[in-house]
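The block underneath contains the structure these notes are about, expressed in structure tokens.
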Amino acid sequence: MKRKSPSAAPSAAEEASAVAADLFKSLAGLQVPVSAWTQLQASYLQQASSLWNQALQGHLDKPADRRFSSEAWQSNPASSFMAQLYLLNARTLQQMAEQVEGDEKTRARIRFAVQQFVDAAAPSNYLALNPEAQRLALDTQGESIARGLQLLWGDIQRGHLSQTDESAFEVGRNVATSEGAVVYENEFFQLLEYKPLTAQVHERPFLLVPPCINKFYILDLQPENSLIRYAVEQGHRTFVLSWRNPDESCKAWTWDDYVEQAVIRAIQVVQEISGSKTLNTLGFCVGGTLLATALGVLAARGQQPAASLTLLTTLIDFSSNGVLDLFVDEASVRLREMSIGPDAPQGPGLLHGKELAATFSFLRPNDLVWNYVVGNYLKGEAPPAFDLLYWNGDSTNLPGPMYCWYLRHTYLQNELKLPGALTVCGESLDLGKIKAPVYIYGSREDHIVPWDSAYRSTQIFTGKKRFVLGASGHIAGVINPPAKGKRSHWIGKTAALPEQAQQWLDGAVEHPGSWWTDWASWLSTHAGAMKPAPRTVGGRGHKAIEPAPGRYVKTKA
């Protein structure tokens, strides 16, 4: 076979053109069937005529939509009609999107794009069309408009839409305040150990691996909702990995680096400090994916350091993952690899945190984008202080090579679950070789890790497994302290874990309150005997470097 000369190799521009062609190829030939189009048209005309007649008679119903719930919308006939007409148009566009013929992924993308357009086009989002904002401007003699412009200018300077009063929080002062110290650090992470709150602790230490997207203190927002503090109160000698926020010097880091130099190294340091060969481990979201990968690498090396593994809203089997699947196909992954991947023409780059944050916000645009556009800018109302939203806005960068590997081998090719399909840190990966018992948690309304996707992990690990389902979403479901008495959780009547998630749910029992108490009982059975708590953090060659929460978590993207 004749080898292609270097000059015949495709240029970056040619590659980009090919990627663009792939992206748009799937849209060619899409259409709405004539019969469906005719039915939609007839239904729209009938509803529009009915709406017009109601408006003429002054009998318009109040819209069942909180964006138009204020009295200002109802008292203005033109605004009330406009809101109802918008809702009719929105329903019709969504119905049209449902009727498009094509492959399921392309149809899902069209539905998503239509929903984005519909949400952005709401009359409530524009001062000229929003009677509530207009009335407020008149009542305040223009002060609300002036405040809105000030808030807009402040957000322009910050480079993002404010969802909370960011001046109300400071990491280490009133969030991430659990007492402890950094006991190890390298260029990838700091390892924090927390001061015991009990006279005795379990003999096996406990290591938490948070997601590297956003920061670890989601697990330590306030004392009353801190999972870290809760673990310490249960008598666990608790450590957490605090990721470095990557800058330009880190842009070549790979998935293997995150596994070997961070997660595996953290496990080793906890073993060294505690003197225990085994430890309990927990991974949250992508932190759980990294932790499972690290334990799989160690299993290939003949090591089984985990006495237990807890996975919170974690993907291992990436077969179907809800709305995030819409953003991943061969063309989009190739585009990322060409722009920030290890072989990008300009060299590897960073995926900037603001881009990630914007993507996640637009998964729920009415709640996380337009709600604040209206409140902040049209009404001039500064958002209230809320620790969870402060954390949500404290974004992190990701190294391009690491991110591109993650996209290709998990979301696109779904190889993590396949024994021997991947080589990580020089080892053939088989997660089935991890012998630790596994506690798997999913949140029922999670749009990042759908609960049935989290459930699929039960079919991969070979150790003893327990699955628990919590109410609410990706964060609120996880951060649900027992003392609040909120929400509920579901536990199977038996230990059976059938292949289908719905079959498990059909046989599960709902329990009031937090899932934390069930998990704490499970974890205690794997934590070993009690012994006197250490008087100081660190030890065995690892001295305290600085107080928790450390420097790394304070670095802004």
Side-chain angles (χ1 to χ4, degrees), residues 97-98 103-113 115-116 210-211 213-214 218 282-292 309-329 332 356-357 359-368 392 406-407 409-418 431 438-461 465-480 487-492 497-508 510 515 519:
E98 289 290 342
D103 67 272
E104 181 51 40
K105 186 159 190 171
T106 301
R107 293 177 68 243
R109 283 177 163 173
I110 290 173
R111 291 195 296 269
F112 180 80
Q115 189 62 56
Q116 293 293 318
I213 301 171
N214 290 108
I218 186 59
L282 178 149
F284 184 9
C285 191
V286 69
T289 310
L290 283 163
L291 175 59
L309 169 61
T310 297
L311 296 176
L312 306 181
T313 61
T314 293
L315 286 171
I316 301 295
D317 180 345
F318 289 73
S319 300
S320 61
N321 309 293
V323 69
L324 288 181
D325 282 343
L326 304 182
F327 299 92
V328 182
D329 58 14
S332 63
L356 275 174
T359 298
F360 284 116
S361 290
F362 275 98
L363 297 181
R364 293 169 52 204
N366 278 335
D367 292 332
L368 297 177
N392 190 56
Y406 178 54
L407 278 185
H409 294 291
T410 59
Y411 278 97
L412 181 63
Q413 296 174 185
N414 194 21
E415 295 169 310
L416 194 62
K417 69 171 186 175
L418 302 175
L431 300 187
V438 188
Y439 188 103
I440 300 166
Y441 167 85
S443 288
R444 192 166 187 176
E445 295 153 36
D446 193 339
H447 64 293
I448 305 295
V449 180
W451 81 267
D452 53 342
S453 301
Y455 179 85
R456 288 198 298 269
S457 296
T458 63
Q459 308 303 304
I460 295 172
F461 296 99
K465 292 158 290 196
R466 181 174 183 80
F467 181 79
V468 174
L469 177 65
S472 197
H474 189 67
I475 298 301
V478 173
I479 308 303
N480 183 26
R487 308 184 185 96
S488 59
H489 61 282
W490 289 260
I491 299 174
L497 294 167
E499 184 177 352
Q500 298 301 319
Q502 187 60 47
Q503 186 179 348
W504 176 89
L505 183 59
D506 291 342
E510 184 175 4
W515 60 273
W519 168 73

Backbone of [Y] reached by a side-chain donor or acceptor of [X] within 3.5 Å:
X	Y	value
S488	E510	no
R487	A476	yes
T313	G442	no
Q116	F362	yes
W515	G477	yes
T314	L312	yes
S453	V449	no
R107	E98	yes
K105	D325	yes
K417	D317	no

Contact check, side chains of [X] and [Y], non-hydrogen atoms, under 4.5 Å:
X	Y	value
Y455	I440	no
F360	L368	no
V323	Q115	no
L416	L315	no
I218	I479	yes

- Query: Do the rings of F318 and Y411 sit parallel, tilted or perpendicular, given the 30° and 60° boundaries?
  - Reply: perpendicular
Return a table of donor-acceptor pairs under 3.5 angstrom between the side chains of residues 501-508 and protein atoms on other chains or two or more places apart.
{"residue": "Q502", "atom": "NE2", "partner": "D506", "partner atom": "OD1", "Å": "2.9"}

